[in-house]
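Chain identifiers are assigned alphabetically (A, B, ...) following the order of the sequence lines, protein sequences preceding nucleic acid strands; residue numbering begins at 1 within each chain. Model, not experiment: these values are computed from the prediction.
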Number of protein chains: 2
Amino acid sequence: MSGKSARAAQSQRALMGVRDLIISGEIRAGSRLSELALVERLGISRTPLRAALAQLGQEGLVEAIPSGGYAVRSFSREDVIDAIELRGVLEGLALRLAAERGVAPARMGELVRLLDGIDEALRGDVEDMDFDRYVDLNATFHEKLWGLASQTIRREIERVTSLPFASPSAFLDKQAGVLEFRRSLYGAQAQHRAMVSAIALREGTRAEALAREHARLARQNLEFVLDQDRSLIRRVPALSLVVG
Amino acid sequence: MSGKSARAAQSQRALMGVRDLIISGEIRAGSRLSELALVERLGISRTPLRAALAQLGQEGLVEAIPSGGYAVRSFSREDVIDAIELRGVLEGLALRLAAERGVAPARMGELVRLLDGIDEALRGDVEDMDFDRYVDLNATFHEKLWGLASQTIRREIERVTSLPFASPSAFLDKQAGVLEFRRSLYGAQAQHRAMVSAIALREGTRAEALAREHARLARQNLEFVLDQDRSLIRRVPALSLVVG
DNA sequence: TAAATACAAGTTGTATACATTTTACAAGCC
DNA sequence: GGCTTGTAAAATGTATACAACTTGTATTTA
C-alpha cells in the first residue's frame with residue numbers, strides 16, 4: 001500500500017484470507033481451524049498463517065483451544081452488545097482527552113471539511129445519493145476523529161472496531177436494504193457535528209457523552225436487527241458469528 | 001500451572017523472558033530487539049520467540065519497525081496517563097454492565113469475603129502487616145471483580161493492565177518504600193467496598209463513576225512519582241520505559 | 001572533499017522438516 | 001455391554017535451513 005514494504009506480504013495475505021473466510025461465513029462459528037487445510041486453501045506456508053492466527057486471536061475473532069490450535073469464536077448477544085458499549089466508552093475517552101488537551105485548528109478544519117463532504121454525498125434522493133462516497137468519507141472522518149487520541153487509545157479502538165459487527169458501517173448496505181439507513185445516516189451526521197463542536201469548545205465531558213450516545217444508537221440498531229427473524233440477519237454477513 | 005498443558009512451553013518462556021528483560025530495564029526503551037541475540041540469551045529457537053514478539057506487539061510493550069523487526073516501545077508521560085485513564089473507563093464499563101445485569105449472590109459474597117481478608121491483612125502496625133498476603137488478596141479481588149464482566153471486556157482490561165505501569169500494584173513495594181502506601185491502601189479499600197455496594201444495589205452509573213475515581217487515584221499517584229527526581233523513579237522498575 | 005554507488009555483512013520473513021502431543025478407533029478386559 | 005487401554009494417525013509446537021531485504025562501509029567519481 002503506502003509506505004508499507006512488501007516484506008510481510010504473506011502474513012498480510014494470510015490475515016486477510018482467514019478473516020474473509022470467517023466473516024463471509026465459509027468457516028462456521030465454533031469450528032476448528034485446521035492449519036493444513038488453510039495452508040492449502042490460501043497457498044502459503046504455515047509460518048505466516050500461524051502469525052495471522054495469533055493476531056486474530058488477539059483481535060478476538062478466533063480463540064485458542066487449550067489442547068492446541070484455534071477455533072472460530074462464536075459471539076452471544078451479550079458479547080455483541082458489550083463490543084458496542086466498549087466502542088462507545090473508548091471513543092468517549094478519546095474525545096474527552098482530545099477536548100481537554102485541545103486540538104490544533106488545522107486538524108479541526110479537516111474534520112469539518114470531511115463532514116461537509118459527507119453532507120454533500122447524502123444530498124439528493126435516496127436512490128441517487130453517492131453511497132460509496134459516503135461510506136468512504138465516513139470511514140475517513142472516523143479515522144481522523146479517533147486519531148486525535150494518543151496511540152495507546154487509538155490502538156484499542158481499532159482492535160474493537162475490527163470485530164465485524166462492532167462497526168456501524170457493517171449494517172449499512174444500500175443494496176441489501178438493511179435498516180432504514182437514511183434516517184440513521186442523518187442522525188449520525190448530527191451527532192458528528194455535535195462532537196466536533198464539543199471538542200472545539202473544549203467541553204470534554206460533553207464530547208464523551210456524545211460519543212457514548214453515538215454508540216448507543218448503533219447498539220439500538222444492532223438489537224433491532226438481532227430481534228428480527230433470521231432472514232434479515234442473514235443479509236448482514238457481519239452477524240454470521242452471532243449465535244442465538 | 002492449572003489445566004494448561006506444556007504444549008506451548010517455549011512460547012511461554014519466550015514471552016515471559018522478553019517481558020522480564022524489558023520491564024527490568026536490561027533492554028532499554030527504544031532499542032531494537034535482535035532476534036538472534038534473544039534466541040541465544042533465552043535458549044530457544046526463533047519460532048516461539050517471534051510468536052512472543054508478536055504478542056508483545058499487540059500488548060503494546062514493543063512496536064513493529066516498518067523495515068522489519070521490533071523495538072522496545074518508549075512511553076511518554078501522556079501515554080502513561082492515557083493507559084491509566086483507559087483502565088478506569090474499561091473497569092467502569094465492566095462494573096456498570098455487571099450492576100445493570102445483576103450478579104449472583106454467591107459471587108457477591110465471594111467479593112465481600114475477599115475484602116474482609118484484605119482488611120485483616122492490613123490490620124496491625126505498618127511494619128507488621130502481611131504485605132505479601134495483601135498483594136495476593138488484592139490481585140484476586142480485582143480478578144474476580146472484573147471477572148463479572150463478559151469475556152470481551154475482560155480481555156481488554158487484562159491487556160491494558162499488562163502494561164507495567166498501568167497497574168497500581170506496580171507502585172506498591174514495601175521494601176522500596178515507594179509512595180506512602182498505607183494511606184493509599186486504606187483509600188483503595190474504601191473504594192472497593194463502595195464499588196461492591198453499588199453493584200449489589202444495581203446502581204450501574206454509580207459503580208462506573210467509582211471505578212473511574214479509583215483509577216483517578218492511581219493517576220494522581222503516578223503523576224506524583226513522575227514529578228519526583230529520577231532517584232525515586234528509578235525505584236519503580238515499571239517506569240523504566242517512560243521517557244522524560 | 002563530498003556525494004554516490006557498489007558490495008558485503010547482518011537481519012528478518014518464509015518455507016519445511018522434525019518431534020511431541022492429542023485424539024480417534026479398535027481390541028481386550030471387567 | 002460398557003469401560004479401559006493401547007496403538008496409529010493426524011495435528012500442532014518447535015527448530016532450522018533458505019531467501020530476500022536492509023543497512024553500514026568502503027571505494028570510486030565528480
Side-chain angles (χ1 to χ4, degrees), chain A residues 1-22 26-73, chain B residues 1-22 26-73:
Chain A
M1 293 294 175
S2 49
K4 206 147 208 171
S5 70
R7 192 93 192 256
Q10 306 305 325
S11 295
Q12 285 293 102
R13 260 185 61 189
L15 188 64
M16 293 180 174
V18 177
R19 197 188 270 140
D20 275 359
L21 286 173
I22 293 173
E26 288 194 62
I27 303 178
R28 285 193 196 167
S31 62
R32 184 170 188 159
L33 290 163
S34 165
E35 293 184 0
L36 284 145
L38 289 171
V39 158
E40 201 166 336
R41 195 160 184 175
L42 299 174
I44 53 173
S45 77
R46 279 182 62 206
T47 307
L49 174 70
R50 283 173 67 73
L53 290 177
Q55 175 158 354
L56 290 174
Q58 289 291 318
E59 288 182 5
L61 207 59
V62 308
E63 61 187 349
I65 300 173
S67 61
Y70 293 89
V72 179
R73 187 167 157 209
Chain B
M1 301 291 171
S2 48
K4 207 148 206 170
S5 70
R7 191 95 193 254
Q10 305 305 328
S11 295
Q12 286 293 100
R13 260 185 61 189
L15 188 64
M16 292 180 174
V18 177
R19 196 187 274 139
D20 275 0
L21 285 173
I22 294 174
E26 288 195 60
I27 303 179
R28 283 193 197 168
S31 63
R32 184 170 187 159
L33 290 164
S34 166
E35 293 184 0
L36 285 154
L38 290 171
V39 157
E40 200 167 338
R41 195 158 184 177
L42 299 173
I44 51 172
S45 77
R46 280 183 62 210
T47 307
L49 173 71
R50 286 177 118 277
L53 290 177
Q55 174 158 355
L56 290 174
Q58 289 292 315
E59 287 182 6
L61 207 59
V62 308
E63 61 188 348
I65 300 172
S67 60
Y70 293 89
V72 179
R73 188 167 158 208

>> Tell me every residue that passes salt bridge (charged side-chain N to carboxylate O under 4.0 Å, His left out) with A:Arg46, counting only those two or more places apart in sequence or in another chain.
In response: A:Glu35

>> Among residues at least two apart in sequence or on other chains, which ones pass salt bridge (charged side-chain N to carboxylate O under 4.0 Å, His left out) with A:Glu26?
In response: A:Arg41

>> Quick check on D:dG13: is either OP1 or OP2 less than 4.0 Å from any side-chain nitrogen or oxygen of B:Ser11?
In response: no

> Under 3.5 Å, side chain of B:Arg73 to main-chain N/O of B:Gly60, donor-acceptor pair present?
Replying inline: yes

> Do B:Arg19 and B:Leu56 touch side chain to side chain, with heavy atoms closer than 4.5 Å?
Replying inline: yes

>> What is the distance, to the nearest angstrom, from the CZ atom on A:Arg13 to the C1' atom on C:dT14?
In response: 12 Å

> Separation of A:Arg50 atom CZ from D:dT14 atom P, in whole Å?
Replying inline: 7 Å

>> Side chain of A:Ser67, heavy atoms from C-beta onward: which of C:dT23, C:dT12, C:dT14 has the nearest atom to it?
In response: C:dT23

> Which listed nucleotide (C:dA15, D:dT12, D:dA15) is nearest to the side chain of A:Gln10?
Replying inline: C:dA15

Nearest 0.5 angstrom please: [X] [atom1] to [Y] [atom2], how far?
{"X": "A:Leu38", "Y": "A:Leu49", "atom1": "CG", "atom2": "CG", "result": "5.5 Å"}
{"X": "B:Leu33", "Y": "B:Ile65", "atom1": "CG", "atom2": "CD1", "result": "8.0 Å"}
{"X": "A:Arg13", "Y": "A:Ile44", "atom1": "CZ", "atom2": "CD1", "result": "6.5 Å"}
{"X": "B:Gln12", "Y": "B:Met16", "atom1": "CD", "atom2": "CE", "result": "5.5 Å"}

>> By the 4.0 Å heavy-atom rule, please label A:Arg32 as base, sugar-phosphate, or nothing.
In response: sugar-phosphate

> Quick one, which residues of residues 53-64 of chain A touch DNA chain C with a heavy atom under 4.0 Å?
Replying inline: none

>> My validator wants the stems of DNA chain C: runs of 3 or more consecutive Watson-Crick or G-U pairs, both distances under 3.5 Å, written as range with range.
In response: C:1-30 with D:1-30

Would you tabulate the pairs of protein nitrogen or oxygen atoms and nucleotide nitrogen or oxygen atoms of nucleotides 16-20 of chain D closer than 3.5 angstrom?
| unit_1 | atom_1 | unit_2 | atom_2 | d |
| --- | --- | --- | --- | --- |
| D:dT16 | O4 | B:Thr47 | OG1 | 3.3 |

> Does anything in residues 33-42 of chain A reach DNA chain D, meaning a heavy atom under 4.0 Å, and if so which residues?
Replying inline: A:Leu33, A:Ser34, A:Glu35, A:Leu36

